[in-house]
Amino acid sequence: MAALTRNKKNRTNSQTPPLNKRTKSSPMKKAAKSQKPPLKKQRRCIPEEKPVIATDEEEEEEIEQSLQGDEGSESGSDFFSDGDGEDVNDDGDADDLLDGSDDEEGTLDSDSDESDIEIKSRAIDKKRKKEEQDAKDEFTMNIKEQPDEFQLPTKKELEAEALGAPDLPNLQIRIREIVRVLSNFKDLRPDGAKRTDYVDQLKADLCSYYGYNEFLIGTLIEMFSVVELMELIEAFEKKRPTSIRTNTLKTRRRDLADVLLNRGVNLDPLSKWSKVGLIVYDSQVPIGATPEYLAGFYMLQSASSFLPVMALAPQEKERVVDMAAAPGGKTTYVAALMKNTGIIYANEMKVPRLKSLCANLHRMGVTNTIVCNYDGRELSKVLGQNSVDRVLLDAPCSGTGVISKDESVKTSKSADDINKFAHLQKQLILSAIDLVDANSKTGGYIVYSTCSIMIPENEAVIDYALKKRDVKVVPCGLDFGQPGFSSFREQRFHPSVEKTRRFYPHVHNMDGFFVAKLKKMSNAMQPTETDKPAETMRQAQVSSSDDDEEAEAIEELKKPSVANGQPKRESNTKEYKKRQKFPRSKETHKGKRNTSIKSESGSGTVEEPRKQKKKRSQWKNEIAQAREEKRNAMRENAKERPKHRK
Amino acid sequence: MRPLDETETTVVFEKLFKFVGNNLKKIVENPSDEGPESTPGSYCFRLQKNRVYYVSDALVKRATNISRKNLVSLGTCIGKYTHAGSFHLTIMSLNILAANAKHKVWLKPTSEMSFLYGNHVLKGGLGRITDSIVPGDGVVVFSMSDVPLGFGIAAKSTQDCRKLDPNGIVVLHQADIGEYLRDEDEL
C-alpha cells in the first residue's frame, strides 16, 4: 500500500513544476500559498490578457486618474486584483468605462490631446517598470531564502515525524536538499555542520522514502557519489524495457521483426553491440504468447543476460558447461552460437526450475544438450576434472542489480545473506575452474557473472579465484561497461580485476550486472607466481592457506568483516595459527600431511589425484621455509604498504 | 538411461511411421554434428524414466557418467510411455516430425489460435491439405507461413474433406505448441 502511494506521489512529483517554485520551506509556506494563486494566474493569464491589457490599461488609467490615487508600490499586485474585481463587477464598471471612453472621444480633437496621450504613455511606462521590479523582487526573495532556510531537522522534529506516517513530499524535498548540499559540501555547508550528520539523515530519509533497509542503503552510499546514488535509486524504481533475443537456429532478426510488426508489436533493434536483440516498447498481443514465441523463434530475455554469453563466445564443436542454467535463456543462446554442434551440459540444482529449462530447450530447437540435476560444486567430480572447454557460471546471488524486477530485495537482504552468497559463489567458481581443461585447443575459459552490484559477490570472488587457482583475468570483449573496482575502501584486489565489467541501470539502461572472464593457464592446483606485484605475491603465498581456513571459518564466524577479506587484519590475526601449523607440517610424515591438506582444503578440492598430492606437499614444504624468511621481511614492509598500495 | 528393447522400439517406430512414413530411415540415419570429432556420428533412441529421447551417440557417450537420478534430459525428448505400455508422442518431437512429415495440413491465420488452444481442426480453418490422406494417418499442422504448430490424427481422407460442411472435424488434435504455456508441468 505504501509502495503504491509512493509511486503515485513519485509520478505527481515529476509532473509538478520545477524546483524553484515548489521548494519554499515551512515558515514561508503560508505566505507562499497566498501568493500562489495570483502567481499562477499571472503566468497563465498573460497571453490571454495581453490584448486585453492594452484596453484595460487605458480604462484603469481613467479610473485612477479620476480617483487620484497614486498607489505606487501596490499597483503591480493590485492591478490584477483589481482586474479580478473588475471581472466580477463587470456590469457595474462597464458603464463607467464606457463613459470614460466617451469622454476620451469627446476630447480627442482638442489641443490638450498630446498632453493627455503623453501622460497616458508615461503612466503606462511607470506601471510596466513597477511590474518588472516586483517580479524581480519576488524572484530574489525566493532564491535568497533557499540556502538560508535549509537545515537538518532537530531531534524533536525527527521524533514528531517518527510518530506519524512519513510525509513523503517533505521527505523528498529534504532528500533533494541534502543531496544538493553534499554534492558541493565545501561551499554549501552551513557553519558547524558535519558531513556524517548529513549522510546519516540522507540514509534515514532514503530508507523511508524508497523502502530500502539500512544495510543496503549503507553499502550503496559507500559505493557511489551522492548524485550518482540518486540516479541509481531512481533507475531502480522504474522497470527496464522488455527485450527479446532472436533464435538464430530458426530465423533471422529481420524476418522476426517483420512478422512481429505485422502482429502489432512496437520494436527496435536492441543496440549496436547485439545482432540478435530486439527491444519491445509495447505490443497489442502478449509478447510471451505469440505463435512465434511458441514456435521458438525468440526468447524473452533481459539485455544484461546477453552479456555473459557474448563474453563466453563458444565455438562450434566445443564442450560447454552451464552451471546454473535455468530457465535456459543463456543456455539456448550458447546453443544458437554453437549452431547445435558440440555438447552442452546444462546443470540446475533446483528441481522445480528444471521443467522450465527443458521446455525452453525443446521449444527453441536445441538438440545438443544434456540436462542434469546436480549441485554445482559436485560437477567436477561427476564430469571429471579438466574435461570441458568452456564454463559459464551465472552464479546465484543477492539480486541487488535487479531491484527493478523484484522490490523485495530492497528489504530482505542483510550482510549475512551477502556473505552466504559470497561463500557459495567462491566454492562454485573453484568447481568451475576445475572443470575446464587448460590445454584445450580452442578454449580454457570461464565466464563468471552475477546480477548483483555488491563487491563481496563480484570482485572479491574473482580475487579469491586468482589466489587459489592458476587463472588469469582476460578482457571480456564488452567495451561498454564500467571496469570493476580493483580497490574499495580498505580492500585491495589484484589489479587485473579492472578487466571485469560492471553494468548499471542508470548508465546503460540494463539491469545491474557483473561479468568476468577468466582463462585457465594450467591444470595445476596452485596459482603461479608470474606478473603479480611483489607485495600481493607475498600475500598470496602467505594467505593461500589462510583462505582455506577462511572458507571453513566463514560458516562459523558471523562478522561481515572477515568475509570481506580485509588482508591486513587477516594476516595479523592468523599469523598465530600459521606459526602453530608449520612446526607440525615439518615434523609429520607425508601421510599425515596428506590428511592435513585434505582437512585444510575442505571446500575447494576433493579427491585430488595422488600425483598432485605429492607435488602439493613438496610445494607446501618449500613455501613453509620461504615463509619464515619472508614473514620478517613482511613486518618491515607492513610499514611501507600504505604507500605502495596506490 | 538405456537403449530401447525390441518391443519398445517397434512401438515407437510404428507411431513415427504414421507421421513420417518412409522418411523414418532418414530420421534414424541422420548424420549428427555434435561431439568433438569431425566425422559425423549417428542418432539413436534412449529410454530414461519412461521417456524416449532422440540423441546422437556422441552425446550418449558423454552422458553415461551422469547418474540415473540426476539425468533429466538428453537431446530431444520425443515421447513417453504410459503405465499401460503404449507410447505417446509429445509436442517436443515436433521439430523432427515437421522436417520429415508426409502428410501436412496448413491452417488459415484466423484458426491458428483456435488450434493453439487445443481445439481440433475444422474444415472452415483449412487452408491447404496434402493429397492421399487416409483416416488414421498422422498429420502435422502448419500455419500458412510454414511454421509448425502441432500434430494430430486425420479424421477424414482428403477427398471426404472436400465434401464436409465447414464445421466438420478434419484433424483430431494431439499436440500443439500452445502446450508449452498451458501444460508446462506435463512435459
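Just so it is clear: chains get the letters A, B, ... in the order the sequence lines come, proteins before strands, and each one is counted from 1.
- The parts of B:S67 that come within reach of chain A are both its backbone and its side chain, each placing non-hydrogen atoms under 4.5 angstrom from that chain.
- Heavy-atom distances place no part of A:A346 under 4.5 Å from chain B, backbone and side chain included.
- A cation-pi arrangement is found for A:R363 relative to A:Y293, the charged atom lying closer than 6.0 Å to the ring centre and inside a 45° cone about the ring normal.
- Salt bridge absent: A:D434 and A:R377 never bring a charged side-chain N and a carboxylate O closer than 4.0 Å.
- Residue A:K250 touches chain B through its side chain alone, counting heavy-atom pairs closer than 4.5 Å.
- Interface remark: A:I370 contributes backbone and side-chain atoms alike to the contact with chain B (heavy atom separation under 4.5 Å).
- By the 6.0 Å and 45° rule, B:K102 does not stack over the aromatic ring of B:F19.
- Contact of A:V259 with chain B is not made at all, since no heavy-atom distance falls under 4.5 Å.
- Only the side chain of B:L116 comes within contact range of chain A, with heavy atoms under 4.5 Å apart.
- Taking a cutoff of 4.0 Å between a charged side-chain nitrogen and a carboxylate oxygen, B:E8 and B:K15 do not qualify as a salt bridge.
- With chain B as the partner, the residue from A:D389, A:T251, A:L383, A:N360 showing the most heavy-atom pairs under 4.5 Å is A:L383.
- Only the side chain of B:N95 comes within less than 4.5 Å of a heavy atom in chain A; its backbone stays farther off.
- Classification of A:K330 and A:D322 as a salt-bridged pair fails, no side-chain N sitting under 4.0 Å from a carboxylate O.
- Ring centroids of A:Y345 and A:Y374 are separated by 6.0 Å or more, keeping the two rings apart.
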